[in-house]
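Quick notes on the structure that follows.
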Amino acid sequence: MPTLLIKNARCVATFDHHDPQQARELVNASIFIQGNRIAFVGPTAGLPPEALAADEVIDARQHLVTPGLVNTHHHMYQSLTKAIPSTQNAELFGWLQGLYPIWAGLTPEMVRVSTQVAMAELMLSGCTTSSDHLYIYPNGVRLDDSIEAAQQIGMRFVASRGSMSVGQSQGGLPPDSVVEREDFILKDTQRLIEQYHDASHGAMLNIAAAPCSPFSVSRELMRESALLARSFKGQGVRLHTHLAENDHDIAYSREKFNCTPAEYAQDLGWLGADVWHAHCVKLDDAGISLFAASRTGVAHCPCSNMRLASGIAPIRRMLNVGVPVGLGVDGCASNDAAHMVNEARQALLLARVGRAMQPPEVRTLPNGDRRTFFGCDLGPTEMTARDVLGMATRGGAQVLGRDHDIGHIAVGMCADLALFDLGTLGFAGGAVHDPVGALLLCASPQADYTVIDGRVVVRKGQLTTLDLGPVVERHNALAIQLAMGV
Ligand code: ZN
């Protein structure tokens with residue numbers, strides 16, 4: 001069994017407690033990995049004797065070690081359509097309508113190559129597990145293409161079988177040419193679960209059932225998808241979709257279904273600990289209560305929400321009542337990056353802006369005095385760096401139903417780790433005071449090392465599993481081909 005020793009780390013932020021403020025941060029600590037699991041974490045002096053003969057030793061005296069970051073929402077094929085000029089300044093529905101005709105030209109090779117490019121970006125930013133939501137299947141594209149790409153690059157993967165079935169002629173948003181038949185969608189989803197879904201501890205691949213959104217699939221498909229996923233009892237097959245992303249999304253729900261998105265989700269059986277919804281920017285207080293009571297998860301995508309001017313998701317209100325929240329970079333055409341540390345930084349900053357925009361609140365102080373607080377007084381306490389890193393690691397693992405084996409650093413957990421070099425320029429003057437806070441406040445660094453399932457997939461800032469140069473070159477050629485095809 002291969003062994004790996006991460007020796008004398010300046011700081012190991014374990015996130016080994018559900019409250020990030022109470023999790024252990026170890027100084028001058030070591031981590032010993034046997035196979036794909038963590039066998040030891042603690043003071044270097046306490047290392048087991050076999051650790052000294054490890055196959056590979058990483059000198060981490062200058063590093064911050066965190067759990068591998070977990071990305072809970074993405075559309076990796078969109079990597080081919082970053083920064084398309086005609087959709088740079090559109091909101092969600094206009095942006096989608098501008099891109100659907102381009103995406104109609106996707107091919108299986110395009111999906112494979114763009115998935116590798118998006119995953120490379122994620123892994124180089126310290127991300128070790130990602131979900132992907134592929135919901136468009138023209139020209140023979142299959143979810144198998146994404147899965148093949150993930151297996152080649154070595155990323156832990158939650159492949160979500162997305163779908164669209166209600167085209168424009170039926171009152172939906174996408175053109176009819178890119179929707180699929182519902183009976184085929186369900187059959188293909190079942191095939192993928194049976195062929196690929198791994199329910200075991202340390203699984204590298206899970207499959208989720210993921211109709212795209214209320215405005216592109218029918219009620220029946222939502223209901224049937226939930227029944228299908230839940231028919232695999234005890235297998236951890238999860239449900240994923242987009243919900244309450246912006247005001248137009250709410251208006252569509254009101255007009256078509258005569259209810260809020262959260263009420264719609266409840267009616268469809270789409271609340272529960274096996275469900276996670278992307279965005280939820282416009283989830284109202286009643287919706288947040290429904291999510292909390294049912295332990296329904298949320299993928300928070302701050303960059304995309306800013307890029308498309310969707311709004312500021314009420315993340316603090318969700319966390320306060322116990323809604324599981326993870327971070328997601330969202331698709332590459334609305335971010336347009338896949339950098340998990342930067343995503344966490346934006347989540348931190350956006351929460352504070354959101355707080356400052358709230359109306360004044362009258363609060364009773366411990367001594368009984370009543371005082372008016374303006375949002376800007378409370379802003380900086382709305383979200384701390386540790387709160388967000390907790391979301392980006394442990395929170396994401398919970399949202400993906402994987403908190404038992406990934407998302408924090410402890411003996412027996414999967415060896416998914418990110419190491420950041422505190423000697424680099426971006427950390428100068430910050431890491432000496434607080435390396436964990438500095439990770440988000442000072443810079444959005446690349447990972448110096450990323451370890452997935454015990455395997456070093458980024459070493460000294462370079463991907464080890466793939467020769468990235470030719471992949472990027474091919475990706476750019478395919479991006480031009482796709483855009484020219486319209
Ligand atoms: Zn999305």
Side-chain angles (χ1 to χ4, degrees), residues 70-82 84 87 90-100 102-103 106 111 114-115 118-119 121-122 127 130-137 143 146 157-164 172-174 178 208-217 222 225 238-250 252-253 261 265 270 275-283 296-313 315 325-340 343 346-347 350 396 399-400:
V70 178
N71 177 37
T72 60
H73 186 64
H74 208 332
H75 313 288
M76 295 184 185
Y77 73 88
Q78 292 180 9
S79 187
L80 296 154
T81 53
K82 290 177 174 177
I84 294 272
T87 57
E91 61 75 44
L92 178 66
F93 284 10
W95 173 87
L96 281 169
Q97 284 164 327
L99 285 164
Y100 285 139
I102 300 176
W103 295 337
L106 272 180
V111 169
S114 57
T115 299
M119 285 188 169
E121 272 193 272
L122 286 167
C127 181
S130 184
S131 67
D132 187 43
H133 190 187
L134 180 62
Y135 55 78
I136 188 163
Y137 294 88
L143 190 63
S146 307
F157 191 31
V158 178
S160 303
R161 205 310 181 175
S163 52
M164 298 193 291
L173 198 69
V178 294
C212 186
S213 62
F215 50 82
S216 58
V217 302
M222 294 293 285
S225 297
R238 301 177 77 73
L239 294 163
H240 182 47
T241 193
H242 293 88
L243 202 76
E245 184 164 345
N246 73 2
D247 289 330
H248 295 295
D249 198 353
I250 303 293
Y252 186 95
S253 186
W270 272 69
V275 186
W276 88 106
H277 293 280
H279 302 299
C280 300
V281 172
K282 298 292 176 178
L283 207 59
T296 306
V298 169
H300 175 39
C301 307
C303 284
S304 173
N305 298 158
M306 287 188 272
R307 156 76 141 94
L308 298 174
S310 299
I312 303 173
I315 298 302
V325 182
L327 276 190
V329 297
D330 201 5
C332 299
S334 67
N335 187 313
D336 303 11
H339 193 299
M340 274 298 288
E343 199 67 32
Q346 298 303 328
L350 185 61
V399 161
L400 297 182

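Order of appearance sets the numbers: ligands from 1, and atoms from 1 within every ligand. As the structure is a prediction and not an experimental result, all values here were calculated from the model.
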Note: OD1(Asp330)-the Zn ion (ligand 1)-NE2(His73) angle, rounded to 10 degrees, equals 90°
Spatial distance of atom CD (Glu343) from atom SG (Cys127) [nearest 0.5 Å] | 10.5 Å
Taking the side chain from His133 and the backbone from Ala210, do they hold a donor-acceptor pair closer than 3.5 Å?
-> yes
Please state whether the separation between the Zn ion (ligand 1) and some N/O/S atom of Cys301 is under 2.8 Å?
-> no
Within the stated cut-off of 2.8 Å, is an N/O/S atom of His279 closer than that to the Zn ion (ligand 1)?
-> no
Which N, O or S atom name in His242 marks its closest approach to the Zn ion (ligand 1)?
-> NE2
Quick check: does Glu245 put an N/O/S atom under 2.8 Å from the Zn ion (ligand 1)?
-> no
Short side-chain donor-acceptor distance under 3.5 Å, His75 and Asp330 = yes
How about Gln78 and Asn335: does a side-chain donor come under 3.5 Å of a side-chain acceptor?
-> no
Using the side-chain hydrogen bond (donor to acceptor under 3.5 Å, both in side chains) rule, pick out the option among Arg161, His73, His277 that qualifies with His240.
-> His73
Mind checking whether the Zn ion (ligand 1) has an N, O or S of His133 under 2.8 Å?
-> no
